[in-house]
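Positions are given from 1, in the same order as the sequence printed here.
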Amino acid sequence: EDETIDASSSDRAGADDVRFVGLRIGGLKVKAQMTAYQREEGLCIVAKDMIETLNAPITIEDDVATGWYMRPEEQLTLSFFDETLQVFGADEMTISGRVANTPDGWCALLDVWSRIFPAEITYDPGTLTVSMEPFETLPFVARLEREAMRDRLKARKAGHGPNYREIENPYAWVSFPTADIAVDVKASSEGDIDLDGSLEVAGDILMTTARIRTAKNEDGDRSFRASFDRVFHPPEKSLRPRQIKFGDVAGLFQPLIRRSNSGRGLRVTNTPAYIADVFDVTEIRGPLREGWEAELHRDGQLIEFVTVPDTQGDYVFPEVDILPGHNRFVVKLFGPYGETEEREVILYAGRDMIPENEVRYDLSISQEGVALAGDVIDEPQGASAALSISYGLSRQASMQLDAAASEADGASGAASLFLAKGNTNGVVRLGVAGADKPAVEGGVAHIFEDKTSLNLRYTYRPEGMPFDDTRHSLRADYNTSLPIGQWGLPFRARTEWQRSADGTDILSLNGRVSGNLQGWRWTHNAKLGFQKPDTGEARTDLNGEFAASKRYAGTRFRAGARYSVAPSPQIQSVDLALQRQMPRQSFAQLNTSYDVSTGDTFLGGSYGGQIGPVTLSANGSIKSSGGWVAGLRLATALFHDKTRGRYRAATSGLTRSGAVQLNVYDDLDDDGAFTEGDNPIQAASFIVERSIRADKTDGSGSVVMTGVSAHRPVNVELSLGSLDDPFLQPKEPGLAMTIRPGQVISADVPLSLSGAAEATVILLKGA
């Protein structure tokens with residue numbers, strides 16, 4: 001005989017109606033068992049179980065539940081006895097028949113919980129599972145996500161991340177060089193056909209990186225440039241050189257006293273070959289209430305967290321890395337019930353500043369204007385020498401001393417002081433040369449809370465200083481976002497006033513605003529110029545240009561116009577263009593332009609793409625008044641593939657940055673080397689410097705990826721999602737390397753077959 005009690009809305013729920021249900025939020029299994037009762041109206045979940053599971057600061061006393069869930073200011077009151085609910089200050093609502101008293105305490109139907117928690121709640125009786133689809137992130141879910149992020153952070157700091165194999169890359173006395181080759185052909189209606197070309201070679205010579213370039217221009221002149229450099233990695237804060245360059249080198253730039261001019265010479269510095277990832281370290285601390293936790297974020301990324309305050313009741317992040325430039329940290333505080341607070345910490349490390357107690361120097365000795373081979377680059381300046389020494393006074397202050405001497409300008413010197421505090425940084429500089437008065441320069445930059453920035457700089461040069469054609473210069477740069485539209489409009493402006501040595505005043509104002517309207521990306525630039533000479537009439541110019549573009553099914557349409565308002569209003573030109581993306585990373589473009597002042601119409605076209613390892617670009621134009629021009633450029637590169645023992649062609653650009661050549665194959669004989677019988681893997685891609693590259697392996701399993709950062713550690717790993725066979729796995733998690741410019745590092749990536757596991761899941765019901 002069936003003795004099950006069927007509880008109605010007015011009956012007290014009996015023990016036989018009990019259900020033990022699980023709770024899922026989104027795709028996350030939160031709890032395996034909550035107590036609920038099956039009623040005619042639906043599933044009734046026991047209140048204390050639901051509240052404890054979601055960690056809600058809601059208490060039940062005298063048949064009344066009070067508290068809050070999403071935000072403390074949004075209170076709720078649920079009266080089980082009176083069957084009423086008031087949520088977040090709204091009008092009280094009746095929930096008659098939606099709650100019931102059970103042996104385990106008061107319960108409420110799913111629609112009542114949906115009014116308390118911002119989620120759609122459903123029940124699947126077949127799997128005994130209650131599912132919640134939140135309309136916004138619930139504090140309980142946010143806490144689980146934070147814990148998962150912290151676990152990943154702890155794993156990285158504990159060294160549990162991938163153990164990449166380091167590829168040794170010492171300098172060699174002689175190495176196989178790489179080469180970039182380009183040929184240009186240009187023809188015109190005037191009957192001229194010009195053939196130009198260039199060859200750039202890079203490789204190791206005498207334990208240095210040698211770069212040699214020769215080119216022939218349209219005038220028939222041939223140039224030759226050669227440079228040799230060596231990069232060292234001494235300990236931090238060492239006075240030993242980090243870079244030595246000789247041959248055709250760029251001279252040292254020194255504000256107020258010296259421009260950077262090229263010529264044959266020598267340059268020695270202990271400045272790193274690339275901008276360091278870390279400028280300095282600091283400590284960030286603040287009060288932490290009991291039960292609260294603190295996280296430190298930089299650029300939206302979690303970098304550290306604290307769950308227990310120190311003896312003074314503070315959160316402490318003891319060694320926080322300061323990167324060069326503007327550092328914005330956000331300390332996020334989380335309460336025990338989902339309460340959140342944020343505190344912002346701004347630190348600025350100027351690009352010209354160096355870490356505390358560190359000394360850096362840069363020495364240049366050269367013959368400016370003359371190349372290593374003896375041909376004249378620019379107006380020869382004779383022999384010159386320059387030295388800059390910088391010292392980090394503190395984390396917020398650095399100083400720099402500059403000295404220079406040349407046959408053309410004589411001796412000169414300058415002293416600079418760099419300061420940074422919070423959102424503000426500045427520089428004060430004095431320079432002396434053959435003038436009676438010193439040159440002066442001062443600047444200050446500030447970043448406001450809404451990311452608006454203002455940069456002011458003033459320079460005074462007396463007669464007798466280098467490049468003293470300008471006496472006074474005052475410039476202001478302003479960047480912000482105008483409060484127009486949903487996201488605002490980026491706006492940039494520059495105002496500059498100059499007074500030249502002859503007494504001419506020049507005032508200019510430039511503005512740029514850009515935005516996106518219904519898929520149209522547009523930009524407007526305007527420039528106002530005012531020039532008043534010491535004698536004669538003043539002149540005012542106001543002109544600008546507008547451009548817009550939009551993509552339609554793989555084709556981008558562009559339109560633009562240039563105009564003038566003063567001294568006379570007129571449209572100067574109108575431009576239209578169509579650009580179409582083609583297969584194999586190629587493109588074709590048609591463009592036309594109408595010059596209003598001359599009445600000429602120009603019609604042109606261009607094509608660019610890859611034909612295997614050859615980069616092809618062609619262009620041509622014709623104008624209505626007669627005349628045409630056409631050009632063709634072919635470029636490719638050559639490198640020595642040591643795994644195949646021969647030279648191979650690759651896309652151009654190998655000599656200007658680092659490159660890595662990887663060979664991916666299924667190592668069927670498991671010997672760790674590509675031998676006969678192994679299977680090359682096609683269409684495999686890689687993650688380089690935390691970005692997935694578009695390059696894919698060819699039919700031989702090989703890929704050459706150019707544009708890799710030089711002189712800094714780089715990690716490379718196989719993108720497993722690019723493999724067709726999910727059971728193939730690399731034998732090593734990845735590779736670590738440091739590449740020099742013009743160098744191609746070659747390595748094998750052998751794969752092996754992984755296994756699979758089969759499991760049987762049995763669900764038991766009753767017996």
Side-chain angles (χ1 to χ4, degrees), residues 55-57 67-74 136-158 276-350 353-357 392-398 418-426 444-453:
N55 192 33
W68 56 274
Y69 189 58
M70 297 300 295
R71 285 160 283 274
E73 63 272 14
E74 298 175 344
E136 55 182 308
T137 303
L138 303 181
F140 178 81
V141 176
R143 179 172 61 82
L144 295 179
E145 293 174 348
R146 291 198 304 271
E147 290 175 353
M149 291 176 58
R150 294 171 186 179
D151 288 340
R152 292 193 293 268
L153 179 63
K154 286 191 293 185
R156 290 198 304 267
K157 292 194 173 185
D277 290 330
V278 178
F279 172 82
D280 204 352
V281 295
T282 189
E283 179 185 279
I284 296 177
R285 67 161 58 228
L288 186 64
R289 284 169 278 180
E290 184 177 356
W292 285 61
E293 301 174 346
E295 291 184 351
L296 184 64
H297 293 252
R298 186 211 314 269
D299 299 329
Q301 182 178 6
L302 175 67
I303 61 175
E304 191 56 88
F305 64 92
V306 171
T307 58
V308 179
D310 67 356
T311 56
Q312 300 179 22
D314 290 344
Y315 61 80
V316 181
F317 302 109
E319 294 186 354
V320 180
D321 292 337
I322 303 175
L323 306 184
H326 183 259
N327 291 260
R328 178 181 179 269
F329 300 98
V330 175
V331 179
K332 296 185 178 182
L333 303 175
F334 301 96
Y337 300 112
E339 308 99 317
T340 60
E341 293 180 9
E342 289 190 2
R343 298 170 186 169
E344 186 180 62
V345 179
I346 302 295
L347 296 171
Y348 193 92
M353 299 177 66
I354 64 173
E356 185 176 0
N357 294 327
L393 300 171
S394 68
R395 186 168 51 82
Q396 298 175 332
S398 297
F418 306 97
L419 301 171
K421 179 68 174 178
N423 279 12
T424 305
N425 70 95
V444 62
H446 183 79
I447 299 178
F448 299 89
E449 292 184 0
D450 59 355
K451 297 185 179 179
T452 297
S453 65

Trainee: Should we say atom CD of E344 is surrounded by more than 12 heavy atoms from elsewhere, each under 6.0 Å from it?
Mentor: yes
Trainee: Can you name the residues that form a side chain to side chain contact (heavy atoms under 4.5 Å, CB included) with V444, not counting sequence neighbours?
Mentor: T424, L456
Trainee: Within the structure provided, determine whether R343 and P287 are in side-chain contact (heavy-atom separation under 4.5 Å).
Mentor: yes
Trainee: Rounded to the nearest 0.5 Å, how far apart are CZ of R150 and CG of L302?
Mentor: 7.5 Å
Trainee: Please report the shortest heavy-atom distance between M353 and F418, naming the atom on each side.
Mentor: CG-CB, 3.6 Å
Trainee: Report yes if some heavy atom in the side chain of V306 is under 4.5 Å from a heavy atom in the side chain of V316; otherwise report no.
Mentor: no
Trainee: Roughly how far, to the nearest 0.5 Å, is OG1 of T307 from CG of L288?
Mentor: 9.0 Å
Trainee: Measure the CZ-CD distance between R298 and E304 for me, rounded to the nearest 0.5 Å.
Mentor: 11.5 Å
Trainee: Could you go step by step and tell me if L138 and M70 meet the side-chain contact (heavy atoms from CB on, under 4.5 Å) rule?
Mentor: CA-CA 7 Å; L138 303 181; M70 297 300 295; 4.1 Å; yes
Trainee: For Y69, give me all partners under ring-ring contact (aromatic ring centres under 6.0 Å, His included), at least two apart in sequence or on another chain.
Mentor: F117
Trainee: Ignoring hydrogens, what is the shortest heavy-atom contact between G392 and S398? Give both atom names and the distance.
Mentor: CA-OG, 3.9 Å
Trainee: Quick one: does NZ or CZ of R146 land under 6.0 Å from the six-membered ring centre of F305, within 45 degrees of the ring axis?
Mentor: no
Trainee: Under a 4.5 Å cut-off applied to non-hydrogen side-chain atoms, are E295 and F334 in contact?
Mentor: yes
Trainee: Give the minimum heavy-atom separation between L393 and E356, together with the two atoms involved.
Mentor: O-CG, 3.8 Å
Trainee: Under the rule for ring-ring contact (aromatic ring centres under 6.0 Å, His included), what residues qualify as partners of H297, not counting sequence neighbours?
Mentor: none
Trainee: Does the side chain of P309 come within less than 4.5 Å of Y315's, by heavy atoms?
Mentor: no
Trainee: Can you say whether the rings of F448 and H446 are parallel (under 30°), tilted (30 to 60°) or perpendicular (over 60°)?
Mentor: perpendicular
Trainee: Indicate yes or no: at least one non-hydrogen side-chain atom of L296 is less than 4.5 angstrom from one of V331.
Mentor: yes
Trainee: Which atoms form the tightest heavy-atom contact between L333 and A294, and what is the distance?
Mentor: CD2-CB, 3.5 Å
